[in-house]
Amino acid sequence: MDTLLAVRARGITKCFGDVVALDGVDLDVVRGQIHGLAGPNGAGKTTLLGLLLGLAVADSGRLEILGTPVRRALTVPEGVAGFVDGPGLYPSLTARQNLAALAALRGGDARSAGVDDVLDQVGLTDVADDQTRGFSLGMRQRLGLAAALLTKPRLLVLDEPSNGLDPAGKKHVHGVLTRLAADGTAVVLSSHRMDDLAALCSDVTIVATGRVVFSGPLSKLAAENRELDYRLATSDPRAARRLAADAAGIRIVDDAVTRHDTDALVVRALTPALDALVARLVHAGLALRELAPVVSPLEAAFLALTEPKEAGR
Ligand SMILES: Nc1ncnc2c1ncn2[C@@H]1O[C@H](COP(=O)(O)OP(=O)(O)O)[C@@H](O)[C@H]1O
Ligand SMILES: [Mg+2]
């Protein structure tokens, strides 16, 4: 038993009829860490998080949560909180009443359970006495997080928590998760966008069609040297295009100069070839006005790892 690990999964497989949702998945989540689970739609994220929450049982494999092997019964493991597919709320109750009802179910009252405090933490104090019926997706997500906080979890599991969050909501959620992790709680959260996770997570596991295609520190993923697409704008687009077309290791992927007559083009290159092109442009007297990756290096790595391979390759 490794007590440093909040989650230790080995060879987890889960099928729904003919669909293999998880195919031999390994996952380690360290206590006090925010671990991202990334993958495109249908990759198996919700299925995996459901197993951590005891909503379903794996067909095969070993799963230990907070040091305890998960048995075949459907129960939320001790110390775990969270939700998949949105939190369950009573629409006719207010936010505060929903939380008080949950506290009562566990035999506490709202005050001792800290209902006001968790509402404040997720930024819902102002709407605490509104019925949740009218809540936006982002507000529901935050109330679900508040409900999870009431249980003081040692493992918090959140499925696509960024969905529907406005910048202020995101700030609250990020703050809450960062504080929880600093206090030793393990957090696992999923997203279909790498950029969402990059702001929060130290480690990520990327799944595609039920298999892990990467697991490790974000820094390792970002450090992989791969070709990226860059938007390049200069004072003389046509000259830039000629120089780029002649340069070694540079591919023009979106010829915006001739197609849309704008002043930018998109080139695909490794960093050294790009550096050499910049030197040539400047040497030729062009002013460089913009040079930026079209998608972030992390998002590009994610896309490269998860894009379906063409048949026969
Ligand atoms: N209850 C279910 N019944 C049948 N198929 C399911 C069920 N849940 C998930 N699946 C299938 O399993 C795969 C993984 O789904 P899911 O875990 O929801 O992916 P993600 O959350 O990454 O989008 C998909 O092909 C999905 O259609
Ligand atoms: Mg999902």
Side-chain angles (χ1 to χ4, degrees), residues 1-85 87 144 148 151-161 177 180-181 183-192 194 197 200-221 301-302 305-306:
M1 186 179 89
D2 189 341
T3 50
L4 268 179
L5 290 180
V7 177
R8 184 174 188 279
R10 290 294 176 274
I12 297 289
T13 297
K14 178 76 184 173
C15 301
F16 298 102
D18 291 344
V19 176
V20 184
L22 298 173
D23 187 3
V25 167
D26 295 347
L27 176 69
D28 283 342
V29 180
V30 178
R31 291 183 199 242
Q33 194 178 73
I34 305 179
H35 193 104
L37 181 62
N41 291 326
K45 303 181 297 294
T46 300
T47 303
L48 181 56
L49 298 183
L51 297 179
L52 304 185
L53 287 166
L55 301 173
V57 176
D59 296 336
S60 60
R62 284 175 53 78
L63 178 60
E64 282 171 25
I65 292 188
L66 299 166
T68 306
V70 170
R71 313 248 166 255
R72 305 207 60 78
L74 289 177
T75 48
V76 183
E78 177 72 27
V80 182
F83 54 89
V84 298
D85 294 331
T151 70
K152 303 199 169 27
R154 284 173 290 143
L155 170 63
L156 178 65
V157 177
L158 299 172
D159 193 18
E160 309 249 2
L177 300 184
L180 276 178
D183 288 345
T185 299
V187 180
V188 185
L189 62 152
S190 67
S191 178
H192 58 281
M194 200 65 213
L197 299 176
L200 267 175
C201 302
S202 46
D203 284 51
V204 287
T205 296
I206 302 179
V207 287
T209 54
R211 291 175 188 226
V212 173
V213 292
F214 174 88
S215 192
L218 269 180
S219 52
K220 187 171 158 229
L221 187 63
F302 170 73
L305 286 166
T306 57

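Only heavy atoms go into these numbers, but all of them, side chains included; no hydrogens, no water, no symmetry mates.
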So CG of Leu155 and CG of Leu180: to nearest 0.5 Å the spacing works out to 11.0 Å
Report the C-alpha distance between Thr205 and Leu48 in whole Å, list the side-chain angles of each, state the deciding distance to 0.1 Å, and finish with yes or no for side-chain contact (heavy atoms from CB on, under 4.5 Å).
CA-CA 12 Å; Thr205 296; Leu48 181 56; 6.0 Å; no
Give me the atom names and distance for the closest heavy-atom approach of Gly24 to Thr13.
N-OG1, 3.2 Å
Is the closest side-chain heavy-atom distance between Val204 and Phe302 below 4.5 Å?
no
Report yes or no: does Lys45 contribute a side-chain atom to a donor-acceptor pair with the main-chain N or O of Gly39 at less than 3.5 Å?
yes
Could you work out, with salt bridge (charged side-chain N to carboxylate O under 4.0 Å, His left out) as the rule, every residue matching Asp23, not counting sequence neighbours?
Arg211
What closest approach, in Å, do Ala148 and Leu156 show between heavy atoms, and which atom pair accounts for it?
CB-CD1, 3.5 Å
Check: Leu200 and Val187 side chains under 4.5 Å, non-hydrogen atoms
no
What I'd like to find out is whether the side chain of Thr68 reaches to under 4.5 Å of the side chain of Glu78, using heavy atoms alone.
no
If you compare all heavy atoms of Leu52 against all heavy atoms of Val80, which two are closest, and at what distance to 0.1 Å?
O-CG1, 3.8 Å
Is Ser190 reaching over with its side chain to a backbone N or O of Glu160, donor-acceptor style, under 3.5 angstrom?
yes
Measure the SG-CG distance between Cys15 and Asp59 for me, rounded to the nearest 0.5 Å.
5.0 Å
Within the 4.5 Å heavy-atom criterion, are Val25 and Lys14 side-chain neighbours or not?
no
Is the closest side-chain heavy-atom distance between Val188 and Leu158 below 4.5 Å?
no
CG (Asp85) and CG (Leu49) are apart, to the nearest 0.5 Å, by 10.0 Å
Value for CG (Asp26) from CD1 (Ile12), rounded to nearest 0.5 Å, stands at 8.5 Å
Do you know which two heavy atoms are closest between Val29 and Ala186, and how far apart they sit?
CG1-CB, 4.0 Å
Short side-chain to backbone donor-acceptor contact, Ser215 and Leu27, under 3.5 Å:
no
Find the distance between CZ (Arg154) and CD1 (Ile65) and round it off to the nearest 0.5 Å.
11.0 Å
Taking every heavy atom of Ala58 against every heavy atom of Leu51, the minimum-distance pair comes out as N-CD2, 3.5 Å
Which heavy-atom pair separates Arg31 from Gly67 by the least distance, and what is that distance?
NH2-N, 4.3 Å
Test side-chain contact (heavy atoms from CB on, under 4.5 Å) on Val30 and Leu5; report intermediate values, then the result.
CA-CA 4 Å; Val30 178; Leu5 290 180; 4.0 Å; yes
Run Asp28 and Arg10 through salt bridge (Lys or Arg N to Asp or Glu O under 4.0 Å) and show every step you take.
CA-CA 9 Å; Asp28 283 342; Arg10 290 294 176 274; 3.0 Å; yes
Before giving the answer on side-chain contact (heavy atoms from CB on, under 4.5 Å), spell out for His35 and Val7 the whole-Å C-alpha distance, their side-chain angles and the decisive distance to 0.1 Å.
CA-CA 10 Å; His35 193 104; Val7 177; over 6 Å; no
